[in-house]
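See below for the structure under consideration.
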Amino acid sequence: MTDTLPSRTADLPAQWNPGEVEAGMYQRWVEAGYFTADASSDKPSFSNVIPPPNVTGSLHIGHAFEHTLIDVLVRRRRMQGYETLWLPGMDHASIAVHALVERALAAEGTSRREMGREAFVERTWQWKAEHGGKILDQMRRLGDSVDWSRERFTMDEGLSRAVGTIFKRLYDDGLIYRAERMVNWSPEMRSVLSDVEVEHREVEGELVSIRYGDGDDSVVVATTRVETMLGDTAIAVHPDDERYTHLVGREIELPLVGRMIKVVADEHVDPSFGTGAVKVTPAHDPNDFEIGRRHDLPMPSIMDESGRIANTGTEFDGMDRFEARVAVREALAAQGRIVAEKRPYLHSVGHATRGSKEPIEPRLSLQWFVKVAPLAKAAGDAVRDGRVAVHPKELEPRWFGWVDNMHDWTISRQLWWGHRIPVWYGPDGEMVCVGPDEEPPAGWTQDEDVLDTWFSSALWPFSTLGWPDETPDLAKFYPTSVLVTGYDILFFWVARMMMFGLYAMQDRGPENAIPFHTIALHGMVRDQFGKKMSKSSGNSVDPLEWMDRYGTDALRFALARGANPGTDVPIGEDAVQASRNFGTKLWNATRFALTNGASPALPLPAAPTDADRWILGRLREVREQTDALLEDFQFAKAVEGLYHFTWDELCDWYVELAKVQLRDEATADGTRAVLGHVLDALLRLLHPVIPFLTEALWQGLTGRESVVVADWPVDAGVSTDAAATARVLDVQRLVTEVRRFRTEQRVPDSRRIAARLVGLDEAGLGAHRAAVGSLVRLDPPGAQFAPTASFEVGLAGGTVHVEIDTSGAIDVAAERARLARDLAAAQKELDQADKKLGNPKFVEKAPADVVDGIRSRRAAAAADIDRIEARLAALPAS
RNA sequence: GGGCGCGUAGCUCAGCGGAAGAGCACUCGGCUUACACCCGAGCGGUCGCAGGUUCGAACCCUGCCGCGCCCA
């Protein structure tokens with residue numbers, strides 16, 4: 001009886017109302033200091049940095065996904081006794097912020113150039129204070145167990161110092177250089193972009209064929225960017241192309257401009273494309289630039305930084321590039337020089353992925369670069385020699401494909417929001433790189449440009465820990481343990497973090513220079529049909545809405561449950577709802593347990609029942625499996641396993657069996673202990689995934705402070721009992737068969753019917769008579785028991801003969817149909833087994849255990865057939 | 001054009017050499033004293049196609065068809 005154990009259900013509301021509880025619960029966790037790391041701790045460390053979100057950003061489903069995975073890892077390690085640090089923060093998103101602030105300025109009728117650098121930067125800080133960092137509050141709603149006391153921003157003083165320090169080192173080592181190169185230019189931002197900030201897309205343009213020169217000395221070339229002809233300095237043909245041999249070395253007049261340009265022979269020209277002759281604009285096309293270098297051609301720039309035609313001395317000067325494209329074509333047409341036009345013509349054009357999204361313009365420009373070859377090689381080697389693991393391993397080729405073929409990285413940006421390049425120029429063109437503690441020579445001027453945001457993000461795993469100073473944090477938490485991020489941005493900051501980490505920390509030796517031991521890659525969140533989410537297709541979702549509707553835990557559970565390593569995660573509202581339902585199920589099961597006096601504080605029974613032994617054994621297996629899967633970043637399988645255990649085993653079977661055991665004084669206390677013990681462990685195992693719900697339930701169950709800082713479940717010394725498990729499985733099989741019979745015979749679920757179970761003792765299930773009766777609502781046979789139907793159920797322990805009084809005639813046709821289905825299944829089984837066993841090569845070559853398995857399956861099938869046929873024969877004719 | 005990957009139940013996906021699985025959806029029956037956000041029972045698949053290896057192939061190999069992504 002429950003007399004000695006006060007019911008604690010009173011502590012637990014009948015329903016879980018996440019919206020009312022989550023925020024307060026999170027605040028308590030933060031105030032209790034659970035998430036604050038201690039660098040002086042003796043515990044082993046588990047640290048990771050959040051891949052810094054953009055200061056302009058707000059939480060989207062991809063963040064929710066990534067943060068859920070990280071939080072699962074972090075919360076588990078915390079419970080396992082690690083000194084955990086999950087460090088939050090943001091990057092300053094130079095281009096995105098510029099786009100925002102400049103748009104606001106334009107609306108006010110001014111511009112950054114008008115207001116000047118200092119005022120602009122001030123204005124931008126103000127913008128950040130007012131609007132930046134929405135995502136940080138949203139992280140609180142998600143339950144991220146981050147250490148807010150260590151929050152960082154890439155423009156913080158300390159992090160800026162790190163930027164200056166590494167720039168100086170790289171510069172002094174010759175790994176940063178300034179050069180005039182063909183770059184991706186954004187006329188709208190008036191800045192260069194790096195290769196990874198440009199995305200090539202197929203667009204409909206035009207292909208215009210133009211005749212240069214006249215008569216026998218003329219050549220036809222084709223282009224999609226007609227306006228660039230103003231900057232042509234040559235025509236190139238393949239050296240073996242006999243059509244043009246007579247022209248090579250001669251000069252042809254460039255239409256509209258009047259300049260004489262050379263015809264050059266170059267191996268890289270594809271003679272089969274178009275006319276086999278190409279116009280060469282060295283200052284405005286990467287391929288042409290290379291041709292220009294090989295043939296020492298002039299490289300006049302014909303466009304200014306905002307994409308307007310300039311310095312051609314033609315009427316087109318001052319026109320925008322797209323305007324000029326039309327005007328130049330029309331002018332050429334007027335001269336009869338247009339030979340052909342294809343429109344629309346599908347071709348690939350680079351577009352800015354940040355800020356403006358406009359087509360980028362290849363442009364010759366003086367910029368700062370990082371010489372990546374040695375750094376990228378080190379980044380590749382770290383994975384090659386196993387110092388850094390990539391999970392899942394299948395994505396390693398993607399990593400190598402990138403770092404082994406990396407181009408030099410353009411790090412200067414013609415922007416003001418960011419870290420200004422620490423190079424100063426003297427009056428006579430001298431140049432000096434000034435370190436953080438150094439003073440520039442008087443009268444010298446600093447480079448105008450700022451650094452790419454990723455230059456500072458690349459330092460994130462150590463700049464946030466205090467580098468370049470040798471801080472306790474750095475000593476304790478670097479290298480970080482794992483970087484969880486999407487495979488789609490492996491090239492963005494992950495590669496850069498690796499390069500800079502290995503470089504900056506090289507004094508620590510190869511093992512300890514790495515920024516993280518493991519790169520765990522996840523996929524992208526897609527809609528429920530597997531389609532990419534995007535604003536334009538209208539299928540993107542707001543995670544906050546789902547959190548409002550179903551609670552944070554439901555969202556986290558749904559996301560984690562879909563997280564197979566490195567693959568995309570389709571998710572729809574259905575999945576979130578199903579996860580909410582799971583939480584409710586767990587809630588109700590715990591309430592049931594509490595109502596019945598369950599407690600983990602009770603001693604496990606000295607003489608556990610089969611059901612006790614079974615569920616404790618299963619708990620052990622599930623715990624071990626969960627551990628193994630989480631160690632391998634297999635979130636989906638881990639969560640799925642816990643879902644199955646909770647719902648299909650604990651709730652569907654153990655709780656139902658427990659109801660019987662609780663009615664019996666001999667087993668009641670043991671059941672309370674087992675229920676309490678299993679739920680205690682289960683709630684801990686689930687806590688990293690659904691922190692809020694488990695906290696409420698666990699506190700209710702244990703009366704203790706918080707599951708956040710509870711110990712991760714370990715071996716309780718209970719091993720799986722094979723015999724007890726077999727008996728429980730037999731009970732399940734028997735119960736299911738009787739339920740099936742009841743359903744087919746249309747006996748209402750609520751109606752209790754009398755039945756006799758013959759052979760139960762012989763099958764080893766004597767102790768489960770009451771349980772079976774309870775689970776299928778059977779009454780013991782009374783004095784007047786007169787069965788109207790009977791059937792046999794073959795179990796591992798023996799055959800049980802079920803006699804049932806259905807209080808009337810049975811539906812013979814339904815029973816016959818049921819038996820026929822069973823017979824067909826058994827017959828198929830028998831045939832398959834016979835076929836295998838009839839093959840001498842199978843018996844000879846297959847492993848003995850496989851052959852034995854088939855033999856016993858055959859025997860079982862044969863027995864089933866005999867039984868079913870006998871039963872069919874005994875049925876009255878219908 | 002080069003590389004990587006994927007085609008398994010209506011949908012989304014596990015399984016990757018020895019009895020075809022899950023969630024959701026669907027059908028039928030149930031307010032059975034934790035839970036109708038639930039319970040019980042069910043329906044549903046020549047595992048893209050064609051060859052090959054093997055005693056045995058959804059799983060390994062080859063080719064083809066279809067679909068993604070990354071890099072040119």
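- Of all nucleotides listed (B:rC38, B:rC24, B:rA72), B:rC24 comes nearest to the side chain of A:A578.
- Here A:E656 lies in heavy-atom contact (under 4.0 Å) with a base.
- Mapping A:A589 and A:D652 onto RNA chain B via the closest heavy atom, the residue that lands nearer the 5' end is A:A589.
- Nucleotides B:rU8 and B:rC49 have their C1' atoms positioned 15 Å apart, rounded to a whole Å.
- Using atom P as the reference point in both B:rG23 and B:rC38, the two lie 13 Å apart (nearest Å).
- Place A:K659 and A:N839 on RNA chain B by their nearest nucleotides, and A:K659 ends up nearer the 5' end.
- Nucleic acid contact class of A:P847 (heavy atoms, under 4.0 Å, all strands): base.
- Nearest nucleotide to the side chain of A:R398, out of B:rC24, B:rC69, B:rU12: B:rC69.
- Minimum atom distance to the side chain of A:N588 is reached by B:rA34, of the listed B:rG18, B:rG23, B:rA34.
- Side chains of A:H268 and A:E290: a donor-acceptor N/O pair is absent below 3.5 angstrom, by distance only.
- Nearest to the side-chain atoms of A:K836 among the listed nucleotides B:rU12, B:rG18, B:rU54 stands B:rG18.
- Rounding to the nearest 0.5 Å places CG of A:L650 at 6.5 Å from OG1 of A:T646.
- At the heavy-atom level, A:R746 lies under 4.0 Å from the strands shown only through sugar-phosphate atoms.
- Side-chain atoms of A:R740 stay outside donor-acceptor range of the base of B:rA41, with no qualifying N/O pair under 3.5 Å.
- Atoms NZ and CG, on A:K659 and A:L662 in that order, are 10.0 Å from each other to the nearest 0.5 Å.
- Nucleotides B:rG7 and B:rC47, compared at atom C1', are 10 Å apart to the nearest Å.
- With a cut-off of 3.5 Å on both Watson-Crick or G-U wobble distances, the partner of B:rG5 is given as B:rC67.
- Nucleotides B:rA34 and B:rC43 have their P atoms positioned 30 Å apart, rounded to a whole Å.
- Between the CD atom of A:E573 and the C1' atom of B:rC37 there is a distance of 13 Å, rounded to whole Å.
- As a whole-Å value, the separation of A:D632 CG from B:rA14 P is 15 Å.
- With P as the reference atom, B:rA22 and B:rU33 are 28 Å apart, rounded to whole Å.
- Of the candidate nucleotides B:rA41, B:rU54, B:rC39, B:rA41 has the atom nearest to the side chain of A:T736.
- Taking a pair to require two hydrogen-bonding distances under 3.5 Å in either a Watson-Crick or a G-U wobble arrangement, B:rG44 remains unpaired.
- For the pair A:R580 and A:R549, the minimum side-chain heavy-atom distance is 4.5 Å or more.
- In this structure B:rC24 sits in a base pair with B:rG10, meeting the Watson-Crick or G-U test at under 3.5 Å.
- Counting non-hydrogen atoms under 4.0 angstrom, A:W16 reaches nothing in the nucleic acid.
- Across the C1' atoms, B:rC24 and B:rC71 are found 37 Å apart, a figure rounded to whole Å.
- Across all strands shown, B:rA50 pairs with B:rU62; the Watson-Crick or G-U wobble distances both stay below 3.5 Å.
- Checking B:rA41, B:rU32, B:rA14 against every side-chain atom of A:R777, the shortest atom distance belongs to B:rU32.
- At whole-Å resolution of the value, CE in A:M524 and C1' in B:rG5 are 15 Å apart.
- Using a 4.5 Å heavy-atom threshold, the side chains of A:R526 and A:V569 count as separate.
- Within 4.0 Å of A:P748, counting heavy atoms only, lies no atom of the nucleic acid at all.
- Comparing the same atom, P, in B:rU53 and in B:rG15 gives a spacing of 28 Å after rounding to whole Å.
- For A:E829, counting side-chain heavy atoms from C-beta on, the closest listed nucleotide (B:rC37, B:rA19, B:rC13) is B:rA19.
- In this structure, CG of A:D779 is placed 16 Å from P of B:rU32, rounded to the nearest angstrom.
- Residues A:M524 and A:K532 form a side-chain contact, since some pair of their non-hydrogen atoms from C-beta on lies under 4.5 Å apart.
- Among the heavy atoms of the strands lying under 4.0 Å from A:K637 are primed sugar atoms or P, OP1, OP2 only; no base atom is included.
- As judged by a 4.0 angstrom heavy-atom cut-off over every strand, A:E199 is placed among residues making no nucleic acid contact.
- Closest approach to the A:T743 side chain among B:rC24, B:rG40, B:rG18 is made by B:rG40 (side chain taken as heavy atoms from C-beta onward).
- At a cut-off of 3.5 angstrom, counting only N and O atoms as typed in the model, there is a donor on one side and an acceptor on the other between the side-chain of A:D749 and the base of B:rG29.
- Rounded to whole angstrom, the span from the NE2 atom of A:H644 across to the C1' atom of B:rA14 amounts to 14 Å.
- As rounded to whole Å, 14 Å separates atom C1' of B:rA72 from atom CG of A:N184.
- With 3.5 Å as the limit, one finds no donor-acceptor pair spanning the side chains of A:E199 and A:T353.
- Put simply, the side chain of A:D730 gets close to the backbone of A:A796: a donor and an acceptor are under 3.5 Å apart.
- In this structure, A:K585 reaches the B:rC39 phosphate: one of its side-chain N or O atoms is under 4.0 Å from OP1 or OP2.
- In this structure, B:rA19 makes no Watson-Crick or G-U wobble pair, since no nucleotide meets both defining distances under 3.5 angstrom.
- Remark: C1' of B:rU33 and CZ of A:R591 are 12 Å apart, rounded to the nearest angstrom.
- A:R751 comes within contact range of no nucleotide atom at all, as no heavy-atom separation falls under 4.0 Å.
- Residue A:W653 has no polar side-chain atom (N or O) positioned under 4.0 Å from OP1 or OP2 of B:rG40.
- Here the side chain of A:A846 is nearest to one of B:rC39, B:rA34, B:rC55, namely B:rC55.
- Here A:V843 lies out of heavy-atom contact (under 4.0 Å) with every strand.
- Here the closest non-hydrogen pair linking A:D811 and A:Q745 is N-OE1, 2.7 Å.
- Taking atom C1' on both nucleotides, B:rG21 is separated from B:rA58 by 12 Å, rounded to a whole Å.
- For A:Q745 against B:rA41, no side-chain N or O and base N or O form a donor-acceptor pair under 3.5 Å.
- Under the 30°/60° scheme for interplanar angles, the aromatic rings of A:Y643 and A:F582 are found to lie parallel.
- Counting any heavy atom pair closer than 4.0 Å across all strands shown, A:Q528 reaches sugar-phosphate atoms only and no base atom.
- For A:F842, the side-chain atoms get nearest to B:rC55 when compared with the rest of B:rC55, B:rC35, B:rC70.
- Using Watson-Crick or G-U wobble geometry with both donor-acceptor distances under 3.5 Å, B:rU32 finds no partner in any strand shown.
- Residue contacts for A:R580: at a heavy-atom cut-off of 4.0 Å it reaches a base atom on one of the strands shown.
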